[in-house]
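Each remark here refers to the structure printed beneath this line.
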Amino acid sequence: MYKIQTLNKISEIGTDVFDKSKYSISDDCANPEAIMVRSAKMHDMQFGDNLLAIARAGAGVNNIPVERCAQEGICVFNTPGANSNAVKELAICALLLSSRKIVEAASWAASLKGTPDAPKTVEGGKSKFAGPEIAGKTLGIIGLGAIGGKIANAAEALGMKVIGYDPYLSIGAALHLEPSVKIVTDINEIYANSDYITIHMPYTPQTKNTIDTDQIAMMKDGVRLINLARGELINSEAVVKAIADGKVAKYVTDFADDVVLGVENVIVLPHLGASTPESEDNCAVMAAEELIDYIENGNIKNSVNLPNASMNAVGTKICVIHKNVPTTIASITTAVGNEGINIENMVNASKKDFAYTMLDVTGDVPPTVEGKINAVDGVIRVRIIK
Ligand SMILES: NC(=O)c1ccc[n+]([C@@H]2O[C@H](COP(=O)([O-])OP(=O)(O)OC[C@H]3O[C@@H](n4cnc5c(N)ncnc54)[C@H](O)[C@@H]3O)[C@@H](O)[C@H]2O)c1
Ligand SMILES: O=C(O)[C@H](O)COP(=O)(O)O
């Protein structure tokens, strides 16, 4: 029986994908074979020897020690695009919230309960909540992946002009963009030309404070900023100061911190981007399918720390996670050959410092093979799947 531990609430549609005669699922179990997680912080966790994989039911993996996992032979997955429609819809909502003073107006209207002539009062008071339309305005998007790309197309459909910046734009993502979306290669063009700016890229130590005082200084007066990606990407102190100075008109963020909470012209949402039933189901199902294919077949799809690799084996599969260094593959195949085993098929792929090799072998696989491969310099983990 494989044990799956859930660190956050995972949609039941996803956990139902596991065959219950082979898998047990619980939020409290010792030494699981796999972990399913959303935003729980895992950097301080120690992992048991049985742990083969972690699946992030979502996009961002900054809560997971991805590099350490690779070093410990743990494959980390995420679910690319599975929650992108939910975030796109919230981003369109945020564009409108940043423009039309909807939050303030609704709360003022609610405050009129019990007053003598509310209908008359609202007509008299509504002008202070007027705000501009988004049609005809320029939206700058930083990061044109699953979410940014969908927002670009939706904003175009709403009559906005869209400019986007993404130095690592994939061909697939580019092909999904409306031709009218203008791609710029200098991020400063986004800052200089946008009425609204929204950011949709991963948070890493390198992307911390991508938008800070200097970047805000380049922006148009009255710019509206939206951050549904990660709080650390935009310096909260810099934005709050720019709001006080009148430079930034509004900041809508999905990430609470003590600097932005309770500040006028900042709308803080409680990390709601992916919180729709549809997105939670999509993420959980994709995460479960990734784990099952890896645990049972050794196939890797959508890993963030190991390469994608899959193979239909005719015999036994020997799966090896190893360092991406010269002679390791040759030493692995030699170790197998020395045991008198013939390799029928082989797949090898690498991602940065790590590599994955799958060998399809027929005939008997003596129990000594695993130890022989493990002894090869650079080998991190060996699994034999019959
Ligand atoms: N608020 C939420 O609930 C919520 C939900 C989903 C995702 N997110 C966040 O949004 C981020 C993006 O999600 P996604 O699904 O679009 O991911 P994605 O991987 O599909 O797209 C990210 C894009 O950012 C680009 N990028 C990377 N570094 C960049 C840089 N320095 N400058 C500009 N672009 C850069 C990549 O090339 C890629 O195209 C996630 O990493 C996560 O942190 C938040
Ligand atoms: O990166 C993501 O996918 C989002 O931030 C969603 O996080 P959540 O699964 O905790 O809602």
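Counting starts at 1 for both ligands and their atoms, following the listed order. In this chain, numbering begins with 1 at the start of the sequence shown.
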ask   = In terms of side-chain geometry, is the basic nitrogen of Lys241 or Glu237 positioned less than 4.0 Å from the acidic oxygen of its partner?
value = no
key: Any N or O of Leu228 closer than 3.5 Å to N or O of ligand 1   = yes
ask   = How does Asn83 reach ligand 2, by side chain, by backbone, by both or by neither, if only non-hydrogen atoms under 4.0 Å count?
value = side chain
request  = Please determine, by modelled atom types, if Ser84 and Lys150 share a side-chain donor-acceptor pair under 3.5 angstrom.
outcome  = yes
inquiry  = Is the contact between Arg230 and ligand 1 made by the side chain, the backbone, both, or neither, using heavy atoms and a 4.0 Å cut-off?
reply    = side chain
query = Taking NZ, NE, NH1 and NH2 as the nitrogens, is one of them in Lys250 or Glu104 under 4.0 Å from a carboxylate oxygen of the other?
reply = yes
Protein heavy-atom partner closest to atom 9 (C) of ligand 1 - residue, atom, separation in Å = Ala229 O, 3.4 Å
key: Exercise check, heavy-atom protein proximity under 4.0 Å to atom 13 (O) of ligand 1   = yes
task = Could you tell me the residue and atom name of the protein heavy atom closest to atom 33 (C) of ligand 1, and the distance to it rounded to 0.1 Å?
result = Pro167 CD, 3.3 Å
ask   = Which protein non-hydrogen atom lies closest to atom 22 (C) of ligand 1, naming both residue and atom, and how far is it?
value = His200 O, 3.6 Å
note = Checking heavy atoms under 4.0 Å, the part of His271 that sits near ligand 1 is side chain
Qualifying side-chain hydrogen bond (donor to acceptor under 3.5 Å, both in side chains) pairs with a residue from residues 159-185, counting only residues at least two apart or across chains = Glu156-Ser180
Numbering as shown, the atoms of ligand 2 that approach Gly60 to under 4.0 Å (heavy-atom distance) = 1 (O), 2 (C), 3 (O)
query = Side chain or backbone of Ala274 under 4.0 Å from ligand 2, or both, or neither, by non-hydrogen atoms?
reply = side chain
key: Salt bridge flag under 4.0 Å for residues Lys247 and Asp221   = yes
task = If you have a sec, work out which protein heavy atom is nearest atom 3 (O) of ligand 2 and how many Å separate them, to one decimal?
result = Ala59 N, 2.6 Å
request  = Using distance alone, determine whether Ala274 and ligand 1 share an N or O pair under 3.5 Å.
outcome  = yes
request  = Measure from NZ or CZ of Lys101 to the centre of the six-membered ring of Trp108, then state whether that distance is under 6.0 Å and the direction lies within 45° of the axis.
outcome  = no
ask   = What atoms of ligand 2 come closer than 4.0 angstrom to any heavy atom of His271?
value = 4 (C), 5 (O), 6 (C), 7 (O), 10 (O)
query = Using a heavy-atom cut-off of under 4.0 Å, does the side chain or the backbone of Ile147 touch ligand 1, or both, or neither?
reply = both
note = min-distance protein heavy atom vs atom 5 (C) of ligand 1 -> Val87 CG2, 3.3 Å
inquiry  = Would Glu280 count as a contact residue for ligand 2, given that I'm defining contact as a non-hydrogen atom of the residue lying under 4.0 Å from a ligand atom?
reply    = no
query = Hey, any chance Ile380 and Ile384 share a hydrophobic cluster, counting ILVMFWY side chains that come within less than 4.5 Å of each other, even indirectly?
reply = no
note = Per-atom filter on ligand 1: closer than 4.0 angstrom to a heavy atom of Asp166 are 23 (C), 24 (O), 25 (C), 26 (N), 34 (N), 35 (C), 36 (C), 37 (O), 38 (C), 39 (O)
inquiry  = Does ligand 1 come near enough to Asp254 that some N or O of the ligand is less than 3.5 Å from an N or O of the residue?
reply    = yes
request  = Considering heavy atoms of the protein only, find what lies nearest to atom 17 (O) of ligand 1 and give residue, atom and distance to 0.1 Å.
outcome  = Ala146 N, 4.6 Å
request  = Identify, for atom 41 (O) of ligand 1, the protein heavy atom at the shortest distance, and state residue, atom and that distance.
outcome  = Pro202 CA, 3.4 Å
inquiry  = Strictly less than 4.0 Å: does any protein heavy-atom distance to atom 20 (O) of ligand 1 fall in that range?
reply    = yes
Side chains of Asn324 and Asp353, donor plus acceptor under 3.5 Å = no
note = Among non-hydrogen protein atoms, atom 11 (C) of ligand 1 lies closest to Met201 O, 3.8 Å
inquiry  = I need the atoms of ligand 1 closer than 4.0 Å to a non-hydrogen atom of Asn83, numbered in the order shown.
reply    = 5 (C), 6 (C)
key: Mutual orientation of the aromatic rings belonging to Tyr294 and Tyr356 [parallel < 30°, tilted 30-60°, perpendicular > 60°]   = tilted
